[in-house]
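All chains are named by letter (A, B, ...) in the order of the sequence lines, taking the proteins before the strands, and each is independently numbered beginning at 1. The figures here come from the full heavy-atom set of this structure, side chains too, leaving out hydrogens, waters and symmetry mates. Predicted model, so just to flag it, every value in this text is computed and none were measured.
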2 protein chains.
Amino acid sequence: MSDGAASPSSYVFEQPCPIRNVLDRIGDQWSLLVLQSLEGGTRRFNELSREIGDISKQMLSRTLKHLEQDGFIRRTVYAEVPPRVEYNLTGLGRSFLVPMRDLVTWADENHRTICAARDEYTARRAGA
Amino acid sequence: MSDGAASPSSYVFEQPCPIRNVLDRIGDQWSLLVLQSLEGGTRRFNELSREIGDISKQMLSRTLKHLEQDGFIRRTVYAEVPPRVEYNLTGLGRSFLVPMRDLVTWADENHRTICAARDEYTARRAGA
DNA sequence: CGGTATCCTTATCGATACTG
DNA sequence: CAGTATCGATAAGGATACCG
(Lines give C-alpha, C1' and ligand atoms only; values in the text may rest on other atoms or scores of the structure.)
Protein backbone atom coordinates (compact mmCIF):
# COMPACT_ATOMS: atom_id res chain seq x y z
CA MET A 1 0.00 0.00 0.00
CA SER A 2 2.62 2.49 1.02
CA ASP A 3 4.93 1.46 -1.76
CA GLY A 4 4.57 3.25 -5.05
CA ALA A 5 2.28 0.76 -6.77
CA ALA A 6 -1.44 0.70 -6.17
CA SER A 7 -2.99 -2.51 -4.91
CA PRO A 8 -3.96 -4.85 -7.76
CA SER A 9 -7.63 -4.59 -6.94
CA SER A 10 -7.52 -0.87 -7.53
CA TYR A 11 -7.54 -1.22 -11.28
CA VAL A 12 -9.78 -4.19 -11.94
CA PHE A 13 -12.30 -1.67 -13.25
CA GLU A 14 -9.97 -0.18 -15.82
CA GLN A 15 -10.91 -0.97 -19.33
CA PRO A 16 -8.06 -3.08 -20.61
CA CYS A 17 -7.54 -4.64 -17.18
CA PRO A 18 -4.56 -7.01 -17.02
CA ILE A 19 -6.15 -9.02 -14.25
CA ARG A 20 -9.36 -9.60 -16.15
CA ASN A 21 -7.25 -10.32 -19.20
CA VAL A 22 -5.54 -13.16 -17.38
CA LEU A 23 -8.47 -14.41 -15.32
CA ASP A 24 -10.89 -14.49 -18.22
CA ARG A 25 -8.66 -16.95 -19.96
CA ILE A 26 -8.42 -19.48 -17.18
CA GLY A 27 -11.94 -18.85 -15.95
CA ASP A 28 -13.43 -20.81 -18.81
CA GLN A 29 -15.05 -24.21 -18.56
CA TRP A 30 -11.99 -26.31 -19.27
CA SER A 31 -8.65 -24.67 -18.56
CA LEU A 32 -8.62 -25.54 -14.90
CA LEU A 33 -9.47 -29.15 -15.62
CA VAL A 34 -6.66 -29.46 -18.14
CA LEU A 35 -4.24 -27.85 -15.73
CA GLN A 36 -5.31 -30.18 -12.93
CA SER A 37 -4.87 -33.15 -15.18
CA LEU A 38 -1.41 -32.06 -16.26
CA GLU A 39 -0.47 -31.60 -12.64
CA GLY A 40 -0.45 -35.38 -12.50
CA GLY A 41 2.36 -35.40 -15.05
CA THR A 42 2.85 -35.44 -18.80
CA ARG A 43 -0.23 -36.26 -20.84
CA ARG A 44 -1.04 -36.90 -24.47
CA PHE A 45 -4.04 -35.47 -26.28
CA ASN A 46 -6.25 -38.50 -26.00
CA GLU A 47 -5.18 -39.16 -22.45
CA LEU A 48 -6.42 -35.72 -21.50
CA SER A 49 -9.58 -36.33 -23.44
CA ARG A 50 -10.27 -39.55 -21.56
CA GLU A 51 -9.31 -38.15 -18.18
CA ILE A 52 -11.52 -35.08 -18.45
CA GLY A 53 -14.26 -37.15 -19.95
CA ASP A 54 -16.90 -34.76 -21.18
CA ILE A 55 -14.77 -32.39 -23.23
CA SER A 56 -15.04 -32.35 -27.00
CA LYS A 57 -11.96 -32.65 -29.18
CA GLN A 58 -12.47 -29.12 -30.38
CA MET A 59 -12.64 -27.58 -26.96
CA LEU A 60 -9.67 -29.59 -25.76
CA SER A 61 -7.69 -28.45 -28.76
CA ARG A 62 -8.63 -24.81 -28.22
CA THR A 63 -7.98 -24.93 -24.52
CA LEU A 64 -4.57 -26.51 -25.01
CA LYS A 65 -3.70 -23.88 -27.59
CA HIS A 66 -4.70 -21.06 -25.29
CA LEU A 67 -2.78 -22.51 -22.39
CA GLU A 68 0.27 -23.02 -24.57
CA GLN A 69 -0.06 -19.52 -25.93
CA ASP A 70 -0.18 -18.05 -22.45
CA GLY A 71 2.86 -20.05 -21.42
CA PHE A 72 1.08 -22.30 -18.92
CA ILE A 73 1.88 -25.50 -20.72
CA ARG A 74 4.47 -26.83 -23.15
CA ARG A 75 3.67 -28.85 -26.25
CA THR A 76 6.25 -31.34 -27.45
CA VAL A 77 5.98 -33.10 -30.79
CA TYR A 78 7.89 -36.29 -31.45
CA ALA A 79 8.67 -37.15 -35.06
CA GLU A 80 7.32 -40.64 -34.91
CA VAL A 81 4.77 -42.78 -36.64
CA PRO A 82 2.13 -42.78 -35.34
CA PRO A 83 2.57 -39.17 -34.24
CA ARG A 84 3.07 -38.49 -30.57
CA VAL A 85 2.45 -35.14 -28.86
CA GLU A 86 2.98 -34.56 -25.18
CA TYR A 87 1.78 -31.78 -22.96
CA ASN A 88 3.14 -30.71 -19.61
CA LEU A 89 3.08 -27.80 -17.23
CA THR A 90 5.64 -25.01 -17.39
CA GLY A 91 6.97 -23.24 -14.32
CA LEU A 92 4.41 -20.52 -14.90
CA GLY A 93 1.60 -23.04 -15.06
CA ARG A 94 2.82 -24.68 -11.92
CA SER A 95 3.08 -21.38 -10.09
CA PHE A 96 -0.45 -20.50 -11.12
CA LEU A 97 -1.77 -23.64 -9.49
CA VAL A 98 -0.50 -22.49 -6.10
CA PRO A 99 -3.00 -19.65 -5.52
CA MET A 100 -5.55 -21.55 -7.56
CA ARG A 101 -5.39 -24.43 -5.15
CA ASP A 102 -6.38 -22.14 -2.28
CA LEU A 103 -9.41 -21.07 -4.20
CA VAL A 104 -10.33 -24.67 -4.97
CA THR A 105 -9.92 -25.48 -1.30
CA TRP A 106 -12.18 -22.60 -0.41
CA ALA A 107 -14.80 -23.82 -2.87
CA ASP A 108 -14.52 -27.29 -1.42
CA GLU A 109 -14.93 -26.08 2.13
CA ASN A 110 -17.83 -23.78 1.36
CA HIS A 111 -19.90 -25.49 -1.28
CA ARG A 112 -22.29 -26.89 1.30
CA THR A 113 -22.89 -23.45 2.72
CA ILE A 114 -23.47 -22.14 -0.76
CA CYS A 115 -25.86 -24.90 -1.68
CA ALA A 116 -27.73 -24.28 1.55
CA ALA A 117 -27.94 -20.59 0.70
CA ARG A 118 -29.34 -21.44 -2.71
CA ASP A 119 -31.94 -23.72 -1.23
CA GLU A 120 -32.92 -21.16 1.35
CA TYR A 121 -33.23 -18.52 -1.33
CA THR A 122 -35.47 -20.77 -3.39
CA ALA A 123 -37.53 -21.67 -0.34
CA ARG A 124 -38.00 -18.03 0.58
CA ARG A 125 -39.25 -17.21 -2.89
CA ALA A 126 -41.61 -20.17 -2.91
CA GLY A 127 -42.84 -19.71 0.64
CA ALA A 128 -43.14 -15.95 0.59
CA MET B 1 -16.16 -34.63 3.23
CA SER B 2 -12.88 -32.86 3.71
CA ASP B 3 -11.90 -34.95 6.72
CA GLY B 4 -9.74 -37.82 5.76
CA ALA B 5 -11.04 -37.56 2.23
CA ALA B 6 -8.93 -37.22 -0.87
CA SER B 7 -7.58 -33.80 -1.77
CA PRO B 8 -10.15 -31.49 -3.38
CA SER B 9 -8.42 -31.67 -6.73
CA SER B 10 -9.07 -35.38 -6.87
CA TYR B 11 -12.70 -34.95 -7.77
CA VAL B 12 -12.75 -31.95 -10.01
CA PHE B 13 -13.38 -34.41 -12.82
CA GLU B 14 -16.49 -35.88 -11.27
CA GLN B 15 -19.65 -35.04 -13.06
CA PRO B 16 -21.58 -32.95 -10.60
CA CYS B 17 -18.40 -31.43 -9.21
CA PRO B 18 -18.97 -29.10 -6.25
CA ILE B 19 -15.86 -27.12 -7.05
CA ARG B 20 -16.85 -26.47 -10.62
CA ASN B 21 -20.33 -25.74 -9.39
CA VAL B 22 -18.98 -22.93 -7.22
CA LEU B 23 -16.23 -21.67 -9.47
CA ASP B 24 -18.39 -21.52 -12.56
CA ARG B 25 -20.63 -19.07 -10.82
CA ILE B 26 -17.98 -16.56 -9.85
CA GLY B 27 -15.92 -17.17 -12.96
CA ASP B 28 -18.26 -15.13 -15.09
CA GLN B 29 -17.59 -11.71 -16.50
CA TRP B 30 -19.01 -9.63 -13.71
CA SER B 31 -19.19 -11.34 -10.33
CA LEU B 32 -15.65 -10.53 -9.35
CA LEU B 33 -16.09 -6.89 -10.30
CA VAL B 34 -19.22 -6.58 -8.22
CA LEU B 35 -17.53 -8.26 -5.28
CA GLN B 36 -14.52 -5.98 -5.56
CA SER B 37 -16.77 -2.97 -5.65
CA LEU B 38 -18.70 -4.09 -2.60
CA GLU B 39 -15.47 -4.64 -0.78
CA GLY B 40 -15.28 -0.85 -0.66
CA GLY B 41 -18.45 -0.85 1.41
CA THR B 42 -22.19 -0.76 0.94
CA ARG B 43 -23.37 0.15 -2.54
CA ARG B 44 -26.66 0.87 -4.23
CA PHE B 45 -27.69 -0.45 -7.61
CA ASN B 46 -26.81 2.60 -9.63
CA GLU B 47 -23.63 3.16 -7.68
CA LEU B 48 -22.45 -0.28 -8.71
CA SER B 49 -23.52 0.42 -12.24
CA ARG B 50 -21.49 3.61 -12.38
CA GLU B 51 -18.48 2.13 -10.61
CA ILE B 52 -18.22 -0.89 -12.88
CA GLY B 53 -18.96 1.24 -15.87
CA ASP B 54 -19.53 -1.09 -18.78
CA ILE B 55 -22.10 -3.43 -17.29
CA SER B 56 -25.69 -3.38 -18.49
CA LYS B 57 -28.59 -3.12 -16.05
CA GLN B 58 -29.65 -6.60 -16.91
CA MET B 59 -26.30 -8.19 -16.24
CA LEU B 60 -25.85 -6.26 -13.03
CA SER B 61 -29.27 -7.40 -11.91
CA ARG B 62 -28.55 -11.02 -12.76
CA THR B 63 -25.13 -10.98 -11.20
CA LEU B 64 -26.45 -9.46 -7.99
CA LYS B 65 -29.21 -12.05 -7.85
CA HIS B 66 -26.76 -14.89 -8.30
CA LEU B 67 -24.43 -13.55 -5.67
CA GLU B 68 -27.31 -13.05 -3.27
CA GLN B 69 -28.59 -16.51 -4.02
CA ASP B 70 -25.20 -18.03 -3.27
CA GLY B 71 -24.95 -16.08 -0.03
CA PHE B 72 -22.04 -13.86 -1.07
CA ILE B 73 -23.95 -10.63 -0.67
CA ARG B 74 -26.93 -9.31 1.24
CA ARG B 75 -29.69 -7.22 -0.28
CA THR B 76 -31.47 -4.76 1.97
CA VAL B 77 -34.61 -2.93 0.90
CA TYR B 78 -35.68 0.24 2.65
CA ALA B 79 -39.34 1.15 2.52
CA GLU B 80 -38.81 4.66 1.31
CA VAL B 81 -39.81 6.86 -1.54
CA PRO B 82 -37.91 6.87 -3.75
CA PRO B 83 -36.99 3.23 -3.12
CA ARG B 84 -33.56 2.48 -1.74
CA VAL B 85 -31.81 -0.85 -1.97
CA GLU B 86 -28.40 -1.51 -0.53
CA TYR B 87 -25.98 -4.32 -1.20
CA ASN B 88 -23.10 -5.47 0.92
CA LEU B 89 -20.84 -8.42 1.42
CA THR B 90 -21.69 -11.23 3.79
CA GLY B 91 -19.08 -13.08 5.82
CA LEU B 92 -19.03 -15.75 3.15
CA GLY B 93 -18.43 -13.20 0.44
CA ARG B 94 -15.68 -11.62 2.44
CA SER B 95 -14.03 -14.96 3.12
CA PHE B 96 -14.14 -15.76 -0.57
CA LEU B 97 -12.18 -12.65 -1.38
CA VAL B 98 -9.24 -13.87 0.69
CA PRO B 99 -8.07 -16.68 -1.62
CA MET B 100 -9.36 -14.72 -4.58
CA ARG B 101 -7.04 -11.87 -3.74
CA ASP B 102 -4.04 -14.19 -3.99
CA LEU B 103 -5.13 -15.21 -7.43
CA VAL B 104 -5.58 -11.59 -8.44
CA THR B 105 -2.14 -10.84 -7.10
CA TRP B 106 -0.72 -13.71 -9.10
CA ALA B 107 -2.42 -12.41 -12.23
CA ASP B 108 -1.06 -8.96 -11.53
CA GLU B 109 2.47 -10.22 -11.03
CA ASN B 110 2.46 -12.47 -14.06
CA HIS B 111 0.46 -10.70 -16.70
CA ARG B 112 3.58 -9.31 -18.33
CA THR B 113 5.08 -12.77 -18.59
CA ILE B 114 1.84 -14.02 -20.07
CA CYS B 115 1.60 -11.20 -22.58
CA ALA B 116 5.20 -11.86 -23.57
CA ALA B 117 4.40 -15.54 -24.04
CA ARG B 118 1.46 -14.63 -26.25
CA ASP B 119 3.61 -12.33 -28.36
CA GLU B 120 6.32 -14.91 -28.64
CA TYR B 121 3.78 -17.52 -29.68
CA THR B 122 2.42 -15.23 -32.37
CA ALA B 123 5.91 -14.36 -33.56
CA ARG B 124 6.88 -18.00 -33.78
CA ARG B 125 3.86 -18.79 -35.92
CA ALA B 126 4.51 -15.82 -38.18
CA GLY B 127 8.25 -16.27 -38.43
CA ALA B 128 8.29 -20.03 -38.73
C1' DC C 1 -2.77 -40.28 -33.26
C1' DG C 2 -3.61 -35.56 -33.09
C1' DG C 3 -5.74 -32.52 -34.49
C1' DT C 4 -8.70 -28.81 -37.94
C1' DA C 5 -12.93 -27.21 -40.59
C1' DT C 6 -17.75 -27.09 -40.78
C1' DC C 7 -22.35 -27.10 -39.35
C1' DC C 8 -25.76 -26.30 -36.14
C1' DT C 9 -27.81 -25.54 -31.56
C1' DT C 10 -27.85 -23.12 -27.50
C1' DA C 11 -26.38 -19.85 -24.12
C1' DT C 12 -24.89 -15.01 -23.43
C1' DC C 13 -25.28 -10.30 -23.52
C1' DG C 14 -26.57 -5.45 -24.66
C1' DA C 15 -30.26 -2.20 -25.64
C1' DT C 16 -34.35 -0.67 -24.40
C1' DA C 17 -39.20 -0.25 -23.14
C1' DC C 18 -41.77 -0.80 -19.27
C1' DT C 19 -43.22 -1.46 -13.99
C1' DG C 20 -43.64 -0.55 -8.92
C1' DC D 1 -34.52 4.54 -7.99
C1' DA D 2 -34.38 -0.21 -8.80
C1' DG D 3 -35.20 -3.19 -11.27
C1' DT D 4 -37.97 -6.85 -14.99
C1' DA D 5 -39.47 -8.43 -19.72
C1' DT D 6 -38.61 -8.85 -24.37
C1' DC D 7 -35.92 -8.89 -28.52
C1' DG D 8 -32.19 -9.47 -31.50
C1' DA D 9 -27.21 -10.02 -32.34
C1' DT D 10 -23.29 -12.74 -31.38
C1' DA D 11 -20.44 -15.96 -29.46
C1' DA D 12 -19.68 -20.33 -27.23
C1' DG D 13 -19.91 -25.08 -27.59
C1' DG D 14 -20.94 -29.97 -29.23
C1' DA D 15 -20.90 -33.41 -33.04
C1' DT D 16 -18.56 -35.06 -36.53
C1' DA D 17 -16.29 -35.48 -41.05
C1' DC D 18 -12.01 -35.02 -42.69
C1' DC D 19 -6.74 -34.24 -43.03
C1' DG D 20 -1.58 -34.83 -42.12
Item checked: Donor-acceptor pair between A:S31 and A:D28 side chains, under 3.5 angstrom -> yes

Item checked: Phosphate-side-chain proximity, B:Y87 and D:dG3, N/O vs OP1/OP2 below 4.0 Å -> yes

Margin query: Need two values: the first and the last nucleotide of DNA chain C, 5' to 3', having an atom under 4.0 Å from any heavy-atom of chain A.
Written below: C:dC1 to C:dT6

Next item on the list: Say whether, by atom type as modelled, one donor and one acceptor occur between the side chain of A:S49 and the main chain of A:F45 under 3.5 angstrom.
Entry: no

Notebook entry, point to check: Between D:dT4 atom P and B:L60 atom CG, what is the distance in whole Å?
Noted result: 10 Å

Note to self: Let me check something: do B:Y87 and A:Y121 share a hydrophobic cluster, defined by ILVMFWY side-chain heavy atoms less than 4.5 Å apart, either directly or through other members?
What the structure shows: no

Next item on the list: Apply side chain to side chain donor-acceptor pair (under 3.5 Å) to A:S37 and list each qualifying residue two or more places apart in sequence or on a separate chain.
Entry: A:E51

Check: Between D:dG3 atom P and B:I55 atom CD1, what is the distance in whole Å?
Finding: 12 Å

Note to self: What's the angle between the local helix axes at either end of the helix from C:dC1-D:dG20 to C:dG20-D:dC1, using five pairs per end and rounding to 10 degrees?
What the structure shows: 40°

Check: If you measure from CG on B:L23 to CD1 on A:I26, what distance do you get to the nearest 0.5 Å?
Finding: 8.5 Å

Next item on the list: Would you confirm whether B:T90, through its side chain, and B:G71, through its main-chain N or O, come within 3.5 Å as a donor-acceptor pair?
Entry: yes

Next item on the list: For B:R94, enumerate each residue passing the side chain to side chain donor-acceptor pair (under 3.5 Å) test, keeping only those at least two apart in sequence or located in another chain.
Entry: none

Notebook entry, point to check: Is B:I73 reachable from B:V77 through a run of hydrophobic residues whose side-chain heavy atoms are each under 4.5 Å from the next?
Noted result: yes

Note to self: Can you list everything that forms a salt bridge (charged side-chain N to carboxylate O under 4.0 Å, His left out) with B:R25? Sequence neighbours excluded, please.
What the structure shows: B:D70

Distance-only donor-acceptor pairs under 3.5 Å for side chains of residues 57-65 of chain B, two or more places apart:
from  : atom 1 : to    : atom 2 : distance (Å)
B:Q58 : OE1    : B:R62 : NH2    : 3.4
B:T63 : OG1    : B:M59 : O      : 2.6

Next item on the list: Identify, with sequence neighbours excluded, every residue that meets salt bridge (charged side-chain N to carboxylate O under 4.0 Å, His left out) alongside B:E47.
Entry: none

Listing time: all N or O pairs from protein to nucleotides 15-20 of chain D that are below 3.5 Å?
from   : atom 1 : to    : atom 2 : distance (Å)
D:dA15 : N6     : A:Q58 : NE2    : 3.4

Item checked: For DNA chain D, the residues among residues 61-79 of chain B that have a non-hydrogen atom under 4.0 Å from it -> B:S61, B:K65, B:R75

Notebook entry, point to check: In residues 43-51 of chain A, which residues come under 4.0 Å of DNA chain C by heavy atom?
Noted result: A:R44, A:F45, A:N46

Margin query: List the residues meeting side chain to side chain donor-acceptor pair (under 3.5 Å) with A:D24, not counting sequence neighbours, and say none if there are none.
Written below: B:Q29

Note to self: Does anything in residues 52-80 of chain A form a ring pair (Phe, Tyr, Trp, His ring centres under 6.0 Å)? List the pairs, not counting sequence neighbours.
What the structure shows: A:F72-A:F96, A:F72-B:W106

Check: Under the criterion side chain to side chain contact (heavy atoms under 4.5 Å, CB included), which of B:R43, B:R44, B:E80, B:R75 is the partner of B:V85?
Finding: B:R75

Check: Between B:V104 and B:L32, what is the shortest heavy-atom contact and its length?
Finding: CG2-CD2, 4.4 Å

